Amino acid sequence: MNEIRAFIAHHEDEVQVALYAILIISLWVSEIILAKNSLKSKWKHLRSNYLFILTGLPIQLFFTGFVVLIAAWTNLHHWGIINFIPYHNNPWVYYISLFLLLDLCEYTYHVIMHKTEFLWKFHLVHHSDLHVDVSTTLREHPCETAVRTCFLMLWVFLCGPMLSVLVLRQTFQSIANISAHTEFRLSERVNRVASWLFITPNLHHVHHHYQLPYTDRNYGDVLSIWDRLFGTYANLDREYTVFGIDTHMDEQQNSKFGNILKIPFQKFERPGNQQHV
Ligand SMILES: [Zn+2]
Ligand SMILES: [Zn+2]
């Protein structure tokens, strides 16, 4: 048992990547069996998304090293917002406060990606998937992966969490993100309760609707409370939800990995001069 614990402690990154791979693969297989999708169409869709692992993972792992260093520095110097929270020496206050702070940071990051014209060009790659399923979780332009991890360094520097908080948060965040992209939706009754606190698949599907204002709704990462608080919360029935983004609805263009990578560097206009900015 001790040997297993020691192995996990020394291979934290590898263990997390393996767990996410198992979760994504089992949900993907469930989407074929339970949602009665054809293997051919699912495989065709997967081909446009799975290569993002090869571009995203090395960048993610490279920058994670810096995140760890920053966390070690902030803890050594008692630096960060957490040190101003009353009773932060109590473990419950410490962990819950940092979870909330970091979730607010991720909400802010997502809003910045939508509202900054330059950064939106990279983030829209994630939105350009016309068939949202669990593999859409992987669809992130490598430049966005770099930007996201740089922002994470900033959030860690500002908040000052211990490494154990980051590992716990990362686990919650990955499970929440993977679940939010599945084809499986909660029943209306369960969603009504769960969405008071969490970003459910039903809520994240609204964020993947192809047109404003829904694209700019439900920015939350794990929790939905920030969307409720800042007025960006919205519901939309599945029957009215169309996945994609109105500037990039060409299936041929959106399904080839090479084409998708070029999207941020091509000129485009929003129909009807709608602006994200
Ligand atoms: Zn988005
Ligand atoms: Zn998404």
Side-chain angles (χ1 to χ4, degrees), residues 20 23-24 27-28 31 45-46 48-50 52-53 55-56 60 103-149 151-152 170 172-186 191 195 198-224 226-227 230-236 238 241-249 254-255 260 263-264 268 270 274-277:
Y20 306 146
L23 187 58
I24 288 177
L27 279 170
W28 188 77
E31 285 174 344
H45 180 239
L46 180 68
S48 62
N49 288 338
Y50 81 97
F52 284 97
I53 300 171
T55 54
Q60 176 87 34
D103 205 66
L104 176 60
C105 289
E106 290 300 331
Y107 171 91
T108 310
Y109 161 77
H110 200 168
V111 174
I112 292 171
M113 294 306 285
H114 275 246
K115 300 292 179 186
T116 312
E117 198 172 3
F118 173 70
L119 294 175
W120 166 248
K121 289 178 183 184
F122 295 98
H123 183 64
L124 80 79
V125 166
H126 178 68
H127 283 266
S128 66
D129 201 339
L130 303 181
H131 304 279
V132 171
D133 72 3
V134 70
S135 75
T136 310
T137 320
L138 307 169
R139 191 179 173 114
E140 182 181 68
H141 196 279
C143 293
E144 179 175 358
T145 309
V147 170
R148 181 170 52 75
T149 40
F151 266 100
L152 180 60
Q170 182 64 49
F172 266 103
Q173 190 181 15
S174 298
I175 294 171
N177 287 345
I178 292 166
S179 311
H181 288 99
T182 56
E183 287 182 35
F184 303 118
R185 290 168 67 91
L186 302 177
N191 183 59
S195 63
F198 298 106
I199 291 291
T200 61
N202 307 35
L203 287 186
H204 196 63
H205 286 175
V206 178
H207 185 69
H208 276 274
H209 181 66
Y210 83 119
Q211 269 186 325
L212 288 170
Y214 294 101
T215 318
D216 284 357
R217 295 290 180 271
N218 303 350
Y219 289 112
D221 193 31
V222 178
L223 302 174
S224 61
W226 315 115
D227 285 297
F230 300 119
T232 52
Y233 180 91
N235 272 303
L236 184 66
R238 178 65 186 92
T241 307
V242 179
F243 293 136
I245 192 71
D246 49 9
T247 50
H248 295 78
M249 295 301 278
N254 287 347
S255 57
I260 302 168
I263 284 177
F268 64 88
R270 292 196 69 82
Q274 290 184 76
Q275 290 292 318
H276 267 274
V277 185

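Keep in mind that what you see is a predicted model, and the values were worked out from it rather than measured. Whatever order the structure lists ligands and atoms in, that order sets their numbers, starting from 1.
- Within H114, the N, O or S atom lying nearest to the Zn ion (ligand 1) carries the name NE2.
- Ring to ring, H45 and W28 are not that close: their centroids are 6.0 angstrom or more apart.
- Looking at H110 and the Zn ion (ligand 1) together, the shortest N, O or S contact belongs to NE2.
- Remark: H205 engages F243 in a ring pair (Phe, Tyr, Trp, His ring centres under 6.0 Å) (not counting sequence neighbours).
- Nearest heavy atoms, G220 versus Y107: N-CD1, 4.0 Å.
- The two residues Q170 and Y20 have their closest heavy-atom pair at O-OH, 3.6 Å.
- Between H181 and H204, the ring planes are perpendicular. Angles over 60° get that label, and only those under 30° would be called parallel.
- Taking every heavy atom of both residues into account, H114 and T215 meet most closely at CE1-O, 3.1 Å.
- Taking every heavy atom of both residues into account, L203 and N218 meet most closely at O-ND2, 2.8 Å.
- Within a radius of less than 2.8 Å around the Zn ion (ligand 2), the protein N, O or S atoms are H126 NE2, H181 NE2, H204 NE2, H208 NE2.
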